[in-house]
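So the structure is just underneath, and the comments pick up after that.
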Amino acid sequence: MDFDLPEETLALQDMVREFAANEITPHAAEWSENEIFPTKIFTKLGELGLMGMLVPEEYGGAGSDTVTFVAVMEELGAADQSVASSWNAHSTIGTLPLLAYGTEEQKHRWLTPLAKGEAIGAFGLTEPDAGSDAAGIATTARRADGGWVINGTKMFITNAGTDISQGVTLLATTGKGADGRKGYATFYVPTGTPGYTVGAKLKKLGWHAMDTRELVFTDCWVSDDHLIGEEGNGLRQFLSVLDGGRISVAALGLSLAKAALALSVKHARERHQFGRPLSDFQAVAHKIADMGTEYQAARWMVYRAAWLADQGRPHSTEAAMAKLYASEVANRAASQAVQIHGGYGYVRESEISRFYADAKILEIGEGTNEIQRNVIARALVKGA
């Protein structure tokens with residue numbers, strides 16, 4: 001077994017680490033405090049070829065593998081979770097449905113600008129009354145005048161209201177078939193389409209610099225060439241890209257744990273009490289030891305799931321396990337890091353406080369951890 005990352009991946013990771021240190025970390029607190037979406041950062045990420053990492057070169061992307069994507073996420077997320085989570089949503093659910101199911105014309109029209117970083121992508125699934133129950137969505141699409149009329153509301157949607165938002169790929173129901181079952185379809189709705197309204201920014205506990213909004217569709221008409229993939233298979237199409245999304249959120253959790261560990265070690269070395277650095281006290285040292293051990297365990301779970309994906313091997317269970325474990329490790333690491341920082345960790349000016357506020361959503365987004373446990377349990381029982 002070779003646990004070393006390829007040289008080209010390590011070189012890219014070093015470049016992203018330097019970029020994040022110079023362009024993201026110095027400004028992250030200001031973006032968070034003032035809820036600023038840093039458009040210029042995403043433009044620069046596009047110039048570096050990072051906005052289409054998982055997209056083939058023929059459509060303007062970098063054609064990178066999943067392992068390399070995770071390595072880049074480790075550095076972006078350790079600098080700022082808002083930037084990394086926005087980049088993640090764009091790179092996975094914001095673009096992969098177009099790559100997997102779009103026609104050649106659709107790919108060149110919508111996917112290529114996203115992959116080049118000329119625009120940012122969004123995906124609309126969650127609704128006010130449908131989250132974990134994806135099949136329970138109420139947004140409808142009915143045929144009319146050579147296209148479709150969409151009505152409904154989406155909630156907690158990332159990247160749809162920025163000044164570089166190109167549009168949203170959304171899931172809607174298209175009625176019931178002869179067997180009485182709901183049909184689903186995926187549509188691409190460009191920003192500015194009549195009947196498509198982007199709501200105000202949502203006030204969140206964390207991820208303050210990430211654009212998150214409610215989207216409302218009122219008799220929103222799109223032509224037939226905005227249908228992505230096959231009518232009736234929209235839900236299946238969406239579920240097929242979830243495994244990649246789970247790996248990327250797992251990587252986001254991994255990056256947060258990495259940041260919490262680094263900040264804790266730095267503070268424990270520099271902060272003195274009773275004439276000694278905090279790192280000399282066993283109570284603090286043991287917290288750091290636990291954080292480091294869990295980070296390494298999570299790291300190899302995430303990279304293994306990514307490696308399996310790159311090998312074209314089954315990885316649904318491994319992706320769910322990685323997302324479950326890494327997100328919970330991130331929350332434990334953030335909590336212990338605040339404890340190590342003491343009062344300094346509880347003021348918003350501290351860097352660790354931002355990561356602490358960002359951690360909780362990792363156990364909720366891209367499938368709650370309760371759902372991940374259901375997925376894992378079904379796989380283990382079925383395979384027993």
Side-chain angles (χ1 to χ4, degrees), residues 8-9 11-25 27-28 31 36-100 102 106-124 157-169 188 190-191 207 209-212 228 241 244-245 247-249 251-252 255 306 309-310 366:
E8 57 270 24
T9 298
L12 179 60
Q13 191 177 39
D14 288 343
M15 182 270 286
V16 174
R17 184 184 304 117
E18 182 178 355
F19 172 81
N22 293 329
E23 302 285 346
I24 298 176
T25 301
H27 310 290
W31 297 335
I36 298 170
F37 178 81
T39 301
K40 290 183 179 179
I41 287 298
F42 293 94
T43 301
K44 291 179 179 180
L45 288 173
E47 294 170 354
L48 293 173
L50 299 176
M51 290 294 277
M53 284 193 67
L54 301 175
V55 177
E57 293 180 8
E58 63 186 293
Y59 301 117
S64 300
D65 58 20
T66 314
V67 166
T68 303
F69 181 82
V70 168
V72 169
M73 176 68 84
E74 271 205 89
E75 302 309 324
L76 288 179
D80 183 59
Q81 290 278 296
S82 288
V83 168
S85 56
S86 298
W87 176 75
N88 170 56
H90 162 86
S91 300
T92 57
I93 56 177
T95 58
L96 295 184
L98 287 167
L99 175 63
Q106 290 171 336
K107 289 175 183 177
H108 287 291
R109 187 180 3 164
W110 295 317
L111 179 61
T112 296
L114 295 174
K116 289 182 177 180
E118 296 170 359
I120 198 165
F123 187 90
I157 308 305
T158 302
N159 294 339
T162 77
D163 52 1
I164 54 171
S165 295
Q166 177 179 267
V168 60
T169 305
Y188 194 81
T191 300
W207 284 358
M210 186 179 80
D211 184 86
T212 311
I228 307 299
V241 301
I247 292 172
S248 64
V249 172
L252 195 59
S255 70
D310 288 337
E366 204 71 36

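Keep in mind it's a predicted model, so treat the numbers as computed, not measured.
- To the nearest 0.5 angstrom, Leu48 atom CG is 11.0 Å from Thr43 atom OG1.
- Taking every heavy atom of both residues into account, Gly61 and Ala115 meet most closely at N-CB, 3.8 Å.
- Applying the 6.0 Å contact sphere to CD of Glu18 captures no more than 12 heavy atoms from other residues, nucleotides or ligands.
- Counting heavy atoms from C-beta on, the side chains of Thr212 and Trp207 never come closer than 4.5 Å.
- Taking 4.5 Å as the limit, every side-chain heavy atom of Lys116 sits out of range of all side-chain heavy atoms of Met51.
- In summary, the side chains of Asp163 and Thr39 do present a donor paired with an acceptor at a separation below 3.5 Å, with no hydrogens or angles considered.
- In this structure, Thr191 contributes its side chain and Gly167 its backbone to a donor-acceptor pair below 3.5 Å.
- No donor-acceptor pair under 3.5 Å is formed between the side chain of Trp110 and the backbone N or O of Gly102.
- In this structure, a donor-acceptor pair under 3.5 Å is present between the side chains of Gln81 and Ser255.
- Under the 3.5 Å distance criterion, the side-chain polar atoms of Asn88 are left unmatched by any main-chain donor or acceptor of Val249.
- A heavy-atom distance below 4.5 Å is not found between the side chains of Gln166 and Pro190.
- The two residues Pro38 and Val83 come nearest to each other via the heavy atoms CG-CG2, 3.9 Å.
- If you take CZ on Phe123 and OG1 on Thr95, they are separated by 11.5 Å, rounding to the nearest 0.5 Å.
- Here the side chain of Asp80 pairs no donor or acceptor atom with the backbone of Ala28 at under 3.5 angstrom.
- The only option from Val55, Leu98, Ile120 that meets the side-chain contact (heavy atoms from CB on, under 4.5 Å) definition with Leu114 turns out to be Leu98.
- The two residues Ile228 and Pro97 make their nearest non-hydrogen contact at CG2-O, 3.9 Å.
- Distance check, rounded to the nearest 0.5 Å: CD1 of Ile93 to OG1 of Thr158 gives 6.5 Å.
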Dump the intermediate steps for side-chain contact (heavy atoms from CB on, under 4.5 Å) on Tyr188 and Arg109, then the final yes or no. CA-CA 11 Å; Tyr188 194 81; Arg109 187 180 3 164; over 6 Å; no
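- Listed here is the closest heavy atom pair of Ala89 and Asn159: CB-ND2, 4.0 Å.
- Counting heavy atoms from C-beta outward, Leu99 and Pro56 have side chains that approach closer than 4.5 Å.
- Side chains of His90 and Phe42 form no contact here, defined as non-hydrogen atoms less than 4.5 Å apart.
- Separating the CD atom in Gln106 from the OG1 atom in Thr169 is a distance of 9.5 Å, to the nearest 0.5 Å.
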Check: residues 65-79 side-chain donor-acceptor pairs under 3.5 Å, at least two apart:
residue : atom : partner : partner atom : Å
Asp65   : OD1  : Thr68   : N            : 2.8
Asp65   : OD1  : Thr68   : OG1          : 2.6
Thr66   : OG1  : Asp310  : OD1          : 2.8
Thr68   : OG1  : Thr9    : OG1          : 2.9
Glu74   : OE1  : Tyr295  : OH           : 2.7
Glu74   : OE2  : Arg299  : NE           : 3.2
Glu74   : OE2  : Arg299  : NH2          : 3.4
Glu74   : OE2  : Tyr303  : OH           : 2.8
Glu75   : OE1  : Arg17   : NE           : 3.1
Glu75   : OE2  : Gln13   : NE2          : 3.3
Glu75   : OE2  : Arg17   : NH2          : 3.3
Glu75   : OE2  : Lys258  : NZ           : 2.8

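- With a 4.5 Å cut-off on side-chain heavy atoms, Ser82 and Trp31 do not count as touching.
- Closest approach of Glu58 and His108 over heavy atoms only: O-CE1, 4.0 Å.
- To the nearest 0.5 angstrom, Met210 atom CE is 4.5 Å from Ser85 atom OG.
- For the atom pair OG (Ser64) and CG (Leu12), the distance works out to 6.5 Å, reported to the nearest 0.5 Å.
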Could you go through the side-chain contact (heavy atoms from CB on, under 4.5 Å) check for Trp87 and Ile41 one step at a time? CA-CA 10 Å; Trp87 176 75; Ile41 287 298; over 6 Å; no
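- Contact record, Ala160 with Asp211: N-OD2, 3.6 Å, taken as the closest heavy-atom pair.
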